[in-house]
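First the proteins, then the strands, lettered A, B, ... as listed; each starts at 1.
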Amino acid sequence: MDILIENGVFVERIKGRDPIVINAERKVILPGGVDLHSHFAGSKVTLGRLLRPEEHRLRHQFGNSGNHIGTGWATPTPFLCGYLYSKLGYAKIVEPAVPPLKARHTHEEMRGIPYMDKMSLLLLGNSWIIMDLIAQKRLKLLEKYVLWVLWASKTYGIKLVAPGSGEAWAWGKSITHIDDEIPNFSITPKDIIYNLARVNKEIGLKTPVHLHTNNLGSPGNYQTTIDSLKTVENLGLRDGDSPFIIHLVHAQFSSYKGDSWKTFSSGSEEVAAYINSNSHVSFDLGQIIFSNTTTMTADGAWQYNLYRLTGGKWINNDVENETASGIVPYTFKRKNYVNAIQWAVGLELALLVKDPWKLAVTTDHPNGGVFTSYPVIIAWLMNKKFRERTIEKINSKAKHIIILPSIDREYTLFETVIVTRSAPARIMGVKDGATIGIGKEANLAIYDLGDPERDLGENPVKLIKGLSSANYNIKNGLIVMKNGVPVQDFNGVTYYSGGVNESEELTELVDYYFKEYYTVEKENYIVQKGEVMHPVNVLEEVFK
Amino acid sequence: MKIIVNRIIVKATCPYCGCLCDDVEVTLEDGEIYSIKNACPLGRMKINSATSNVRNLKYLIKSGNDKIEVTVDEAVEETANLLLSADKPILYGWSNTSCEAQRLGLKIAKILRGVWDNTTSVCHGTAAIATAESGIPSATLGEVKNRADLIIYWGSNPLEAHPRHFKRYSYYSKGRFVSNNARRKMIVIDVRETSAARLADKFIQVKPNSDYKVISTLHHIIKFGEPPERKAAEVNINDLMEAAKLIKEAKFGVVFFGLGLTMTGYGYCNLDALYSLIRELNRFSKWVTIPMRGHYNVTGANIVASYMTGFPFAVDFSTGKPYYNPGETTIIDLLYHNECDLLMSVAADPLGTLPGEVVSKTIGMKIIAQDPFPTPTTEAADIVLPTLICGVETGGTAYRMDGVPIPLKPILKSRLNLLSDEELLKKILERISWRR
Amino acid sequence: MRKIILTFKGHGRPVLVYNISPSVFRSKSLDQLKKLEVKSGNKTYQLKDFFIIEEEEPVIEPVETIIIENSTFNLKRIGEKMDTGRIVVNGDAGMHLGAYMKGGEIIVNGSVDDWCGAEMSGGMINILENAGNFLGANYIGSLEGMRGGVIKVEGSTKDFTGMRMAGGAIIVKRNCGSFLGYYMVNGEITVEASSGSETGSRMRGGVINIYGSAEIGVGFKKVGLNYITSEGKKLTLHVFRGDSIESGEGEIRIREVSK
Amino acid sequence: MKAILITARSIRQGELIEGLKHLMSTELNFCDLNPEDMLKIDVKNGDKVVLRRDNSEIFLKARCNPTLPLGLVYVIVHPEVNKLIPYNKSLRGMMPGKGLEIEIEKIP
């Protein structure tokens, strides 16, 4: 069978002459991968680089690349990031944590990432304007503001990180219960989750609200997670590609039982059961990989706890009126009881949730591990024996209490394609970019995974090797990468949402906050289209 | 009678210090500056300097003892010649220009296998080193404006170096949870009674080079509630006990530190100690620390270099891969040890700002100076490349001292027929790439 | 085993000689050695461009030995990452001598520059004159400096000796500069003379012995006395524990606390 | 007399730094001293003094500043005063611009 591509899309018949022919006999051809949660650009990532020069010194230097400079592992430089993703066969990536005030920085770095189409999610879970509007019950205005702020920062969707907890952390405190009142704001985290999920549906964003739950990383947090998801049960489903109302990010970090680190255990069964019996939730794994990495999140309070646990380095960087953030280097160790359970929780979730269309494979790069480890996760999912080999090596106390050994399910190749391509593309509302079909965007990756007649899961080492370096990566019909070597310079588009609403009420509201609370002018807060690499708005630009 | 044909007000971002005030209003009358509102004397001077007669106006190349005027293309050609024939060129400066220019500079350095360093290495470089060693608990300035009830300036005098800092971001600013300075307290710690010290609720005078001991002692007092057994002779315990009391009462505290901490004693140890103290304080309440960066885009230089190469300053590409080791690869180290044979300075004045012992080593070195203004460096240079003033005559992006990116705007159209840093560097880069 | 003699022809600027290491020299012919990569400025050269290379026979040396004659501070990275054999440097050695070293032995008949033995994990470095700053220290950002092996300095060292040291031993016969054992985690440093200010500051673990005087950080508390014999002399050492500011468990044994 | 040199900025210095550097040598050529120190080296306001360190020396005018502690000399940072500043290897590229030991003397 031939796959024909012309002018960046799949076609039935080629009109031009002398096409390039690639012989992909006995190779596996997949649509370009979609990573819907990976911290690869922005102020947090750069602070991570500042914190860890040792990582850039010792690991992964890529010198042989003309004008380009590539170093780093958990925080690769933009060029290296695009290169590594492309090598992996990916086409679209999502930066899931942009503080609006620093969106310009994120775009500046994203401009330097070649090959990939980029999207980014805006941190709105601790925004003063949003919390005030919810408290004042000015919900129509809230919709207009969300559209405006997405447009102003040229970002794609809404991300809530430990809603309300960032505000508490600004006073050195944290919120442990989603019904607790946020300091100085007479609302609760639940109000934020509910209202933003509703706004998201009303204004028709392409992707659901992405939720990083409160209490993330703490023992016993699975209940908070389920409670948070329940909050939006009655909102129904959304129209469009992505029917989900809420997307639970790096679910692994939110699915723990126990009441201390000693009694820490897996809550994957409960969370998976909830997701299986409800249709409004999608999630991604946040699988951990046993290795050293640089954790970074907008959940400042949690990062301070993590720093207190490790006693190593810690960066904190709160952004005025909007969000907190923290960075801590961390090593996930096989022999560590908690880490071993965390490892199992991710895989358990992936194997216990029945419908692969509800989930995406991620490591919450770089929090659980680096994105280049995705092939290893695929191998764990496809091969029970390979899982067992890792279980052999983990902490022995953990080994006996996890349920992973009792799960027999093995993913088929088809299912892995769903969880690395189709499902994340659907959740993000960019389904057409990850489909091989006439008229669709021609993003392809061609892999050599050995003999396709045989069971691909049988030889995990070969599978990992094959998936780690695509023979070809074709982006918008152009060969950008061949056997792990960049072929040509090419920049993907940047998708964003939102629009300008011509409303005096909105102008008055926004102007007030800039005059009273921000330290920059409104005009300097708005990212201009010219500062964004190939901007594409997926919504109407102006609303009346 | 003068007829006013055209008077407009433009919003400007002040390209002077790390405060990067973006509320400056410049009134233009027929394209000339008529008045400037909201700027401090420093910013006013900088914006007015566009009309100054003291500018570099011509592309000059040294010939014998004189400098002769050449065209821009000849100057670029000669610059490329010198750069390409250098054994280890160092490209230094970058703090008074846009991020776009800095990016091009890094690319040039990478192609040439040279060294790229910015002025961080002689101002807040030690803070970057300490950040790499132990991490910095920080926040943006708006957090201070809205929340801080205790503000500490340590080794920094904002009234002289960052005149609008008090009003816009800290002591005199009005925020959501702290509405006026009556509710804020301020401690100034310095070796001399500065103008800011006179306004403070508490001024602690420390002996020169004793900051590390002072911070350690303060840390001990805060952690254990009592002064250490063996008291350092340089430290006044009573002062610190009082300060500790104020510190423990605060709900949200901030330490702004300046060159008084980074440049004295063993700079990065001072900051290691300070960051460690701030981490400790976060157990009681919320504490952050923010460096008082000098040049308006020195933070940008660190950020651009970090995301391009993984390292904030002093990046040595001579082996093909970026290498960073302050103490070996900063401009001071390299010049002192005669490691470089060419110095290209962009928007900086190394010969006027570096230590004498180091400057004396540049005699005999080839020097290329790109700067809007004459400086000791342009005077000594073999090639002088005049440019437009970034932030006044051309735009770009810059980062405020707390890492917030703010666009710079061209306030007025220059009367000079010159290129911006970015355009000129692009020409040089093209020339070099083509010749390679 | 072979004994290779490299005579440095001199060069005005630093030369990166990370290939001068028995681990690299092993099983290479003299011709191959001559072509080994050496870097200076932004260019790559061959070993023969900077050195006269001779092989000495017959061979009594028990291990592969490299002797560098006329060495100066401009030779950087001698014996970097070496894991076996022996290097004898006649003259001074530049920065990063024996950095990341895993095994073998380096003898310097002269002084060394900064970062000697940085992040080394095994082997032995013997310096007959003085050492620079950051002896056995970490490189920027790493949380562990020297992890194993022994460094002996007959002369004095400058600042930050044993910074973030996490194992092994450093012995200094004469004085040390300031911040000795800064952030030290483990291992043992012995200074047979005196050390400068802030000794042991931010120390988390390990032991520092000082047979002379030093000024120690404010976070140290006296816990007792210790009696030892050094070169026939009986010494009474005061034992301090700290740095309590960092909740550290390090130990400084010192004859006299200055100030 | 031995003293500690502190260099720091001032508004006027800041104004001159961009474009008017040539005025620095005439406008900023003084060093602040405590009145007691001035007595000690026997200078009055405006008298010429020399600051020395190793082989480098610079000439400035003395200026009385009662808020300065004893033994401290404060000079507004400019190209001239940088001549006194040495290189110190263990500072990792930082210049020791504050807290430097120097010698100050009256020029007869």
Side-chain angles (χ1 to χ4, degrees), chain A residues 41 43 45-47 49-57 61-64 66-69 71-72 75-79 101-105 108-109 112 128 169-173 184 304 307-308 312-321 324 327-328 516-521 523-524 528 531, chain B residues 11 13 22-23 99 103 106-107 110-111 128 131-143 145-147 168-169 173-177 251-252 279 282-288 302-304 306-312 317 319-324 397 399-400 403-407 433:
Chain A
S43 92
V45 183
T46 285
L47 284 169
R49 294 176 183 123
L50 264 169
L51 184 66
R52 305 204 64 194
E54 77 276 21
E55 189 211 66
H56 292 258
R57 177 173 64 247
Q61 294 215 346
F62 184 68
N64 170 25
N67 295 359
H68 300 297
I69 309 151
T71 62
T75 52
T77 56
F79 170 75
L101 186 63
K102 291 184 174 178
R104 178 168 280 109
H105 182 170
E108 195 176 306
E109 274 185 47
W128 282 5
W169 172 242
W171 298 107
K173 303 186 176 68
N184 300 318
Y304 183 63
Y307 150 69
R308 303 270 297 158
K313 309 189 204 178
W314 171 53
I315 278 186
N316 182 72
N317 204 313
D318 299 343
V319 178
E320 60 204 59
N321 321 347
I327 304 160
V328 176
E516 297 295 324
Y517 306 141
Y518 277 98
T519 54
V520 299
E521 298 288 300
E523 58 178 88
N524 292 330
Q528 302 300 326
E531 299 177 77
Chain B
K11 274 283 189 71
T13 306
D22 64 341
D23 60 340
C99 294
R103 261 201 301 278
L106 276 161
K107 284 191 176 172
K110 155 85 187 173
I111 295 180
T131 301
E133 293 287 356
S134 56
I136 176 170
S138 192
T140 66
L141 291 165
E143 288 289 282
K145 169 186 156 94
N146 286 309
R147 302 180 200 272
R168 261 175 79 76
Y169 309 117
S173 68
K174 203 161 119 286
R176 181 158 183 165
F177 303 114
K251 279 215 216 67
F252 186 112
R279 287 197 294 271
N282 273 293
R283 290 174 56 194
F284 308 106
S285 51
K286 180 74 176 194
W287 276 83
V288 297
N302 296 150
I303 286 175
V304 168
S306 288
Y307 74 68
M308 292 279 286
T309 70
F311 309 117
F317 293 101
T319 60
K321 290 171 180 175
Y323 172 68
Y324 165 63
T397 310
Y399 284 76
R400 200 166 68 186
V404 174
I406 296 176
S433 312

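- A salt bridge does not link B:Glu133 to A:Lys313: none of the charged nitrogens lies less than 4.0 Å from a carboxylate oxygen.
- Closest approach of B:Gly135 and A:Ile315 over heavy atoms only: CA-CG1, 3.8 Å.
- Put simply, of B:Gly403, B:Ala128, B:Ser285, the one with the most heavy-atom pairs under 4.5 Å next to chain A is B:Gly403.
- A salt bridge is defined here as a Lys NZ or Arg NE, NH1 or NH2 lying under 4.0 Å from an Asp or Glu carboxylate O, and B:Lys145 with A:Glu320 fails to meet this definition.
- You'll find the side chain of A:Asn316 reaches within 4.5 Å of the side chain of B:Lys286, heavy atoms only.
- For chain A, the option among B:Thr131, B:Asp23, B:Ile136 with the highest count of heavy-atom pairs below 4.5 Å is B:Ile136.
- Surrounding NZ of B:Lys11 are more than 12 heavy atoms belonging to other residues, nucleotides or ligands, all under 6.0 Å away.
- Among A:Gly172, A:Ala170, A:Ala324, A:Gly112, the residue with the largest count of heavy-atom pairs under 4.5 Å with chain B is A:Ala170.
- Across every non-hydrogen atom of A:Asn321 and B:Asn146, the tightest pair is OD1-ND2, 3.1 Å.
- Here the side chain of B:Tyr324 pairs no donor or acceptor atom with the backbone of A:Glu54 at under 3.5 angstrom.
- Proximity of a side-chain donor or acceptor of A:Arg104 to a complementary backbone N or O of B:Ile406 within less than 3.5 Å is not detected.
- Going from atom CG of A:Leu50 over to atom CD1 of B:Ile303 covers 7.5 Å, rounded to the nearest 0.5 Å.
- In this structure, the side chains of B:Asn282 and A:Trp314 come closer than 4.5 Å at one or more pairs of heavy atoms.
- Residue B:Ser134 touches chain A through its backbone alone, counting heavy-atom pairs closer than 4.5 Å.
- Only the backbone of A:Tyr518 comes within contact range of chain B, with at least one heavy atom under 4.5 Å from a heavy atom of that chain.
- Minimum interatomic distance between A:Thr77 and B:Met308 (heavy atoms only, all atoms of both residues): CG2-O, 3.4 Å.
- Side chains of B:Tyr399 and A:Lys102 form no contact here, defined as non-hydrogen atoms less than 4.5 Å apart.
- The shortest distance between side-chain heavy atoms of A:Glu108 and B:Tyr307 falls below 4.5 Å.
- Only the side chain of B:Thr13 comes within less than 4.5 Å of a heavy atom in chain A; its backbone stays farther off.
- Only the side chain of B:Arg103 comes within contact range of chain A, with at least one heavy atom under 4.5 Å from a heavy atom of that chain.
- A heavy-atom distance below 4.5 Å is found between the side chains of A:Thr519 and B:Arg400.
- The minimum heavy-atom distance between A:Asn524 and B:Pro407, with the atom names listed, is OD1-CG, 3.6 Å.
- Here the straight-line distance linking atom NE2 of A:His56 with atom NZ of B:Lys321 works out to 14.5 Å at 0.5 Å rounding.
- Taking OG1 from B:Thr140 and CG from A:Asp318, the interatomic distance works out to 7.5 Å, rounded to the nearest 0.5 Å.
- The distance between the ring centers of B:Phe177 and A:Trp128 falls below 6.0 angstrom.
- Of the inter-residue distances, the one linking B:Lys174 atom NZ with A:Tyr517 atom OH reads 8.0 Å to the nearest 0.5 angstrom.
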